[in-house]
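Data first, discussion second: the structure below is written as C-alpha cells.
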Amino acid sequence: MFLPTTHDIKDAVSKYAGFFGMVISITIVLNLILPTGETLSNTPKLIVSLLISIFLGWLSFAIKSNK
C-alpha cells in the first residue's frame with residue numbers, strides 16, 4: 001500500500017505527505033470531538049484518536065477506484 005508503484009519520487013513524497021497530513025488532521029478533529037471524562041482522560045483519548053486516524057487513513061489509501 002505505501003510502497004510507491006511509480007518511479008517518480010514526487011509521487012512517493014506526495015503520497016506520504018498526504019497520508020501523514022490526513023492522520024494529523026483526523027487526530028486533531030477526533031481529539032476535539034471525543035469527550036474527556038472518567039473513561040477517557042487526555043492521554044488515552046489522544047492515543048485512541050491517533051489509532052482511529054491511522055486506520056482511517058490506511059483505509060482511504062487502500063481503496064482502489066475502478067475506472
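Just so it is clear, the structure is predicted and the values come from calculations on it, not from any experiment.
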Less than 4.5 Å apart, any side-chain heavy atom of Leu59 and any of Phe55? no
Spell out, yes or no, whether Ile54 and Tyr16 are grouped together once hydrophobic residues are joined by side-chain heavy atoms under 4.5 Å, including indirect joins. yes
Interatomic spacing from CD1 in Ile47 to CD1 in Ile52 - rounded to 0.5 Å: 12.0 Å
Give me the atom names and distance for the closest heavy-atom approach of Phe19 to Trp58. CE1-N, 3.5 Å
Considering all heavy atoms, the nearest Gly57-Met22 contact: CA-SD, 3.7 Å
Quick one: side chain to side chain donor-acceptor pair (under 3.5 Å) partners of Thr27, sequence neighbours excluded? Ser53
Apart from Ile24 itself, its cluster of hydrophobic side chains linked below 4.5 Å comprises Ile28, Leu32
What is the distance from atom CD1 of Ile9 to atom OG of Ser14, rounded to the nearest 0.5 Å? 10.0 Å
How long is the gap from CG on Leu46 to OG on Ser41, to the nearest 0.5 Å? 10.5 Å
Minimum heavy-atom distance between Lys45 and Asn31, given as atom pair plus value: CE-OD1, 2.9 Å
